[in-house]
Amino acid sequence: MGSKLTDKKRKSRDSDPESDDELANGLFDGILSQSEDEEAYLPSDDGDEDDVDDSESEGTGASGDEDEEDDILSDDIPSDVDSEEAINRLVKQQGELEITEPGVDPKRGEDDGEEKNYRVEKDANGGERYVYDEIDPVYDSDDSDAKGPVNTIGDIPLSFYDSYPHIGYDINGKKIMRPATGDALQSLLDSIEVPKGWTGLTDVDTGNPLNLTQDELELVRRVQMGLLPTDLQDPYPDTVEYFTSIEEKMPLSSAPEPKRRFLPSKNEAKQIMKLVRAIREGRILPYKPPEEREREEEEQEEVHFDLWQNEEPQAPNPMHIPAPKLAPPGYDLSYNPPEEYLPSKEEREEWENADPEDREKEYLPQKHNALRKVPAWGSLVKERFERCMDLYLAPRIRKNRLNIDPNSLLPKLPSPSELKPFPTAVQTIFRGHEGRVRSVSVDPTGVALATGGDDGTVRVWELLTGRQVWSVRLNSEEPVNAVRWRPTKDAFVLAAAAGEDIFLMVPTHASVTPALDQASRDILATGFGYATNGQQPAAPVGKEPAAKWARPGTKLEDEGVLIRITVRSTVKVINWHRRGDHFATVSPTGQRSSVAIHTLSKHLTQIPFRKLSGLAQTAAFHPLRPLFFVATQRTIRCYDLQKLELVKVVQPGAKWISSFDIHPGGDNLIVGSYDKRLLWHDLDLSNRPYKTMRFHGQAIRQVRYHRGGLPLFADASDDGSLQIFHGKVPNDQLENPTIVPVKMLKGHKVVSKLGVLDIDWHPREPWCVSAGADGTARLWM
Amino acid sequence: MDEPMVDASGAQVKVTFTTSEADLQLPETKRQLLVPADIRRYGLSRVLNSESMLDTGSIPFDFLVNGSFLRTSLEDYLTSNGLSLESNLTLQYVRSLIPPVYEASFEHDDWVSAVDVLSESSPSGRWSGDSFQRGQERILSASYDGLLRIWNASGQVIATSPSGSHGGHTASIKAAKFLTNSQLASTGMDRTVRVWKYTESDHFSGDLKPTLELYGHTGSIDSLEVDGASKRILTASADGAIGFWSTSKASAPEADASLLPGAHVSKRRKVTTSITAAQRGPLSLMPIHSAPASAAVFDPRDRTVAYSASQDHTLRTIDLTTSTVVSTLSTSHALLSLCALPRGSGAPLLAAGTSARHITLVDPRASAATTSVMTLRGHANKPVSLCASPHNEYALVSGAHDGTCRVWDLRSVRPATQDEGGLGSVSEPVYVIEREGSGGGKGVQQQQQQQQQKKVVAGEGCKVFGVVWDAELGIVSGAEDKRVQINAGRDVVAE
């Protein structure tokens with residue numbers, strides 16, 4: 001701040017060269033003080049100077065105070081003098097300001113002595129004479145437009161030249177002489193008659209007294225006042241209204257007014273109508289005082305609208321779920337209920353003591369003499385609210401009731417009457433066996449029936465009349481477990497199993513012609529020759545042959561029993577191959593040799609399986625192809641007899657298979673199980689049952705297809721009944737078999753939990769024969 | 001009795017009496033009558049017998065209303081048929097039937113498989129010609145023990161056939177018939193047809209001698225039909241063949257040696273017979289059935305035509321002169337018995353017992369539109385024996401394995417219900433003849449009650465195997481209960 005000021009002082013001095021000397025006198029203090037100030041910062045001052053400075057500064061301060069007092073006393077507008085004073089004041093203030101800086105003492109007193117812009121020479125009087133350097137006229141050029149450089153000495157402090165008369169060098173290397181300063185008298189004069197623009201300051205750059213022009217002073221003043229430094233333009237000039245403010249006495253144009261000036265404005269009309277409409281509609285209301293308005297608003301808030309006033313019942317949408325209906329009021333809700341609905345005292349107490357949530361009813365029946373005495377129901381709103389909450393919160397879903405007639409879901413089964421013929425009633429009872437009849441078989445011609453029973457006898461009966469025509473006792477101890485006719489009509493051979501023996505016999509039925517009888521005997525006898533000829537494969541040494549074929553002895557041979565085959569364990573099942581040369585026997589307890597295949601023409605017994613997984617239950621030949629089925633307790637395995645490989649494993653899912661039979665067509669299988677199930681398998685379809693039927697209360701012992709072309713099959717159960725099924729296998733492979741239970745045949749008595757043990761069909765007719773534990777065999781037709 | 005309707009209380013019904021019997025016609029004026037509504041058959045019968053009407057005394061009458069016999073009161077009949085009491089009822093009166101009363105039983109040692117009767121009006125009696133003396137009625141019974149027995153009407157055995165070892169049947173006899181009073185034929189499970197010469201020394205003892213053994217069938221022969229005039233025998237066998245045989249040694253061809261006994265049998269088993277009859281073969285053996293043939297009968301008019309029934313469901317017409325099948329009728333069930341019912345004009349009506357426990361009446365004419373004319377329902381077991389009534393052509397008797405003989409009147413007909421197939425017409429038995437001589441014939445309702453009490457399953461122990469209806473002796477039947485039972489047969493069915 002201070003430096004700037006000095007610059008300006010110098011400038012002003014430069015710009016006003018006439019007052020150089022004058023200025024110089026007054027300016028020294030300030031300049032020196034300033035330079036002193038600058039020096040003061042340097043640590044090369046002696047204590048004396050400090051003291052002097054202090055006193056002087058005090059002195060100046062006192063004088064300043066006086067000036068200030070003068071300023072205050074005079075209210076006049078500052079004149080030139082005033083301006084000088086103002087400058088002084090300004091300087092003093094600066095000094096004060098500088099004093100306030102800590103540890104710095106301006107030394108104005110000594111400045112006078114040290115500021116020597118001159119050369120001290122001894123004049124003639126011996127006195128010191130200050131020789132000032134010449135002033136280069138260059139600097140005093142009139143050319144104000146192209147102002148020369150104010151400072152040509154560079155940025156070198158003048159203090160460097162304090163001891164020299166010049167203050168620097170110009171461009172030509174000539175010394176720039178220090179501006180001349182007047183002597184003390186001159187200074188005094190100057191101070192009395194202050195030139196214009198005197199500031200008492202020295203231009204720092206040039207060393208001339210800094211005189212400021214009036215404009216510059218004004219500038220300084222403006223700066224001090226915080227105003228704009230220049231007075232060039234007024235930021236807030238008065239508005240000069242060129243057109244509106246001047247009323248034209250005479251119109252500029254004499255043209256008649258345009259027509260539109262007389263027409264009402266459409267736009268305005270539009271605006272007005274808008275407002276009118278707003279007013280009519282009440283959107284624009286006349287002003288009202290706030291209190292009145294508040295009051296009116298309050299009044300308006302109390303108006304209620306019935307939202308549902310005009311509600312019309314609508315057809316429920318598909319997602320509409322009607323609210324559940326409340327229970328209709330009962331007698332106990334009556335205002336005058338019958339006595340029995342009124343609570344007793346204990347009940348009332350109990351109700352009152354109970355927690356409201358635990359109460360069974362939310363009210364107590366009350367009796368009132370008259371309807372008008374019935375009080376209002378206090379919790380009506382609460383109840384309604386809870387009801388609404390229930391309806392709102394309780395999720396309700398639409399349960400689509402299936403409008404399906406359950407009967408229509410049942411498979412379309414033909415009625416049994418359309419599936420005739422099938423056996424419906426017992427027609428012949430074959431009595432004679434003591435103990436159970438274990439097995440029945442109808443001969444291929446359909447005339448004779450063979451039965452085997454617990455009494456060890458095999459009996460042959462006339463089928464239709466029930467007349468026993470032949471009987472033989474095979475074994476007095478072991479029951480006859482199986483009887484099976486050889487399935488061809490060229491011979492009359494019956495196989496029966498009693499204990500470990502299998503007997504082949506030709507019953508001496510009178511109606512058997514001698515030729516047929518002889519043919520049958522020949523068939524049985526050929527194997528003996530085969531055996532004696534030694535063509536039978538020799539059994540491994542040390543190994544017991546699978547079976548022993550022998551003649552049963554004269555007594556039995558007279559009866560017609562011609563061959564006895566002894567195997568290792570009790571034979572339970574015999575099944576012939578369709579050609580009649582082979583038959584398979586199964587002895588479930590026989591371990592390894594449980595399944596055996598016997599060849600009649602060679603008297604040969606073979607054990608096809610070295611190892612069987614599970615206990616063999618029954619075995620059968622496929623009716624058409626060279627396949628052999630063996631049923632263990634859980635599975636039925638199908639073996640190819642030519643390739644000697646396992647073809648298929650059927651898994652009926654039964655726990656214990658009792659029997660199975662192969663459809664004459666060869667593609668279907670029925671399985672009976674001891675766990676009461678009858679399972680139909682489609683061998684082409686799956687290993688799992690096509691259909692499972694559970695119609696019996698007890699185990700199923702035997703299942704059997706009709707082999708004469710009728711779509712029938714039957715099962716025999718321990719509950720003493722037979723179930724006859726219609727089971728049609730369609731020719732079309734895509735169709736499923738039709739299985740319809742058509743008849744339950746009851747008649748056999750259950751003896752010691754055994755009912756019907758075996759079943760067989762007539763070869764042609766829809767007649768079946770069953771063997772019962774009650775000692776009878778029955779013909780059903 | 002003069003005005004029976006006068007004392008009647010309550011409603012009265014206007015009836016019109018008609019009849020088809022010439023000797024019992026009412027005068028025109030008396031045919032219309034008002035009778036009490038609650039009157040029954042007996043009352044109506046008394047009205048008709050009264051002096052003012054027919055003045056016949058005590059002829060029992062039955063009344064047919066719309067083709068069915070009146071069994072209830074008139075009022076009940078009207079209400080049950082939805083008729084008003086004012087409607088005019090037409091009552092056809094016929095001579096009332098007498099129940100087939102049990103008359104006698106002849107005990108046997110074994111099941112009786114077949115019976116035949118020799119009497120004046122029987123075919124064998126007619127074939128016997130003048131040699132048959134009236135009063136010498138004989139009953140022939142064939143038994144499962146292989147013996148033929150000839151009984152007189154009072155139940156005494158006059159003759160018994162020799163046993164198998166003496167020239168008789170070696171197995172059960174299934175059928176036997178008189179050819180004449182001196183010749184009879186029998187057949188059975190031993191596949192032979194045997195012709196016997198029957199001679200009576202006096203009226204209380206006779207002798208049966210085998211004259212001919214006919215071989216040819218390879219199965220049990222179940223049925224035998226004879227024609228004494230032409231001395232021909234017709235058999236049906238379980239081998240499916242129909243045999244046509246001659247009873248004379250001269251005209252019969254030689255038998256097939258392979259069928260003769262002992263042809264292949266070892267010496268040990270050979271049956272030695274002291275009396276050896278001539279062994280002959282069939283005139284023709286027609287293996288026309290694929291299943292056991294159950295019966296074969298001659299056409300009643302033309303003895304060169306035969307009909308055969310079989311378990312293969314077919315009924316065939318055979319021309320015996322050429323031994324060819326003329327026509328084949330298929331039915332829906334196995335046929336177990338056959339009987340030809342002569343009809344006044346044209347071919348006979350064939351009644352065939354089926355395994356479905358009913359009797360099918362079949363018109364064998366090829367031109368007939370519907371072959372099955374009528375179904376007789378009622379038996380609970382297989383009807384295995386049929387015999388036409390000797391008195392008229394509307395009645396027949398059937399013996400079945402349910403232990404009953406049933407008498408059928410083909411005029412009493414109703415349409416078949418849906419359960420019965422809905423086609424054709426159905427008749428129900430007029431009388432049911434039980435076994436065991438338990439009082440003879442009864443009405444159907446009585447019989448049903450009794451059956452409930454007895455609870456005989458499937459006729460066990462009393463299967464009827466053979467039944468014959470003779471004009472003189474009545475209905476003779478043989479059964480599993482080892483008896484021949486005779487029931488009265490006259491006036492059982494309305495003429």
Side-chain angles (χ1 to χ4, degrees), chain A residues 415-418 420-431 443 445-448 460 462-470 489 492 506 508-522 554 557-560 708 746-749 762-767 776 778-781, chain B residues 110-111 113 144 146 164 169-172 174 188-192 215 217-222 237-240 256 258-266 268-269 290-292 294 311-313 332-334 336 355-357 380-382 384 401-402 418-419 421 457-461 463 465 480:
Chain A
S415 79
S417 60
E418 294 169 14
K420 282 177 181 174
F422 52 83
T424 53
V426 62
Q427 297 289 266
T428 310
I429 300 175
F430 304 90
R431 274 188 209 278
D443 92 306
T445 61
V447 173
V460 176
E462 197 181 28
L463 183 68
L464 285 179
T465 58
R467 175 82 183 183
Q468 179 184 319
V469 295
W470 185 78
K489 290 181 184 174
F492 195 67
V506 181
T508 52
H509 192 330
S511 60
V512 177
T513 59
L516 183 63
D517 186 73
Q518 194 57 45
S520 308
R521 287 167 185 273
D522 289 347
T554 319
E557 276 178 64
D558 283 347
E559 299 284 341
K746 290 178 182 170
H748 281 291
K749 290 184 187 69
H762 189 274
R764 291 180 309 272
E765 297 293 328
W767 306 341
T776 63
R778 285 166 199 247
L779 168 68
W780 309 81
M781 57 195 274
Chain B
D110 207 340
W111 301 1
S113 58
Y144 269 84
H169 279 287
T170 55
S172 304
K174 299 290 289 269
M189 286 193 196
D190 60 358
R191 313 180 311 281
T192 59
Y215 290 91
H217 281 297
T218 57
S220 166
I221 302 169
D222 295 336
S237 164
D239 61 3
D256 182 1
S258 70
L259 294 169
L260 301 180
H264 294 277
V265 181
S266 61
R268 189 168 58 242
R269 286 181 43 77
S290 60
S294 48
Q311 288 184 29
D312 65 0
H313 303 192
S332 54
H333 299 283
L336 302 173
S355 65
R357 296 173 283 281
N381 209 332
K382 309 174 280 288
V384 292
H401 281 183
D402 59 358
Q418 200 65 40
D419 288 344
V457 180
E460 198 191 3
K463 297 187 192 80
F465 294 124
E480 196 185 359

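Order of the sequence lines fixes the chain letters, A, B, ..., with proteins taken first and strands second; residue numbering starts at 1 for each chain.
Across all non-hydrogen atoms, the minimal contact from B:Q311 to A:E765 is O-OE2, 2.7 Å. Listed here is the closest heavy atom pair of A:G466 and B:W111: O-CH2, 3.7 Å. Residues A:V512 and B:R191 share a closest heavy-atom pair of O-NH1, 3.0 Å. Closest approach of A:Q427 to B:S355, counting heavy atoms only: OE1-O, 4.4 Å.
Heavy-atom pairs under 4.5 Å with chain A were tallied for B:A171, B:G188, B:A291; the largest tally goes to B:A291. Interface check for chain B: of the options A:V469, A:L516, A:T513, the most heavy-atom pairs under 4.5 Å are formed by A:T513. Most heavy-atom pairs under 4.5 Å with chain A: of the set B:A334, B:S332, B:G240, this distinction falls to B:A334.
For chain A, no part of B:Y215 is nearby; none of its heavy atoms comes within less than 4.5 Å. Using a 4.5 Å cut-off between heavy atoms, B:H313 contacts chain A through its side chain alone, with no backbone atom that close. For a residue to count as touching a neighbouring chain, one of its non-hydrogen atoms must lie under 4.5 Å from one of that chain's; by this rule A:R764 touches chain B with the side chain only. Residue contact with chain A, scored on non-hydrogen atoms closer than 4.5 Å, involves the side chain of B:S172 exclusively. Heavy atoms of B:L336 lying under 4.5 Å from chain A belong exclusively to its side chain.
Contact of the B:K463 side chain with the A:L464 side chain is not registered, since no non-hydrogen atoms from C-beta on lie closer than 4.5 Å. Put simply, the side chain of A:V447 does not reach to within 4.5 Å of the side chain of B:S220, judged on heavy atoms. Considering only heavy atoms from C-beta on, A:E462 comes within 4.5 Å of B:Y144 through its side chain.
Ion pair B:D239/A:K489 not flagged as a salt bridge, since none of the NZ, NE, NH1 or NH2 atoms sits closer than 4.0 Å to an Asp/Glu carboxylate oxygen.
In summary, the side chains of A:T424 and B:R357 do present a donor paired with an acceptor at a separation below 3.5 Å, with no hydrogens or angles considered.
With values rounded to the nearest 0.5 angstrom, A:L779 atom CG is found 10.0 Å from B:H401 atom NE2. Rounding to the nearest 0.5 Å places OG1 of A:T465 at 8.0 Å from CD of B:E480.
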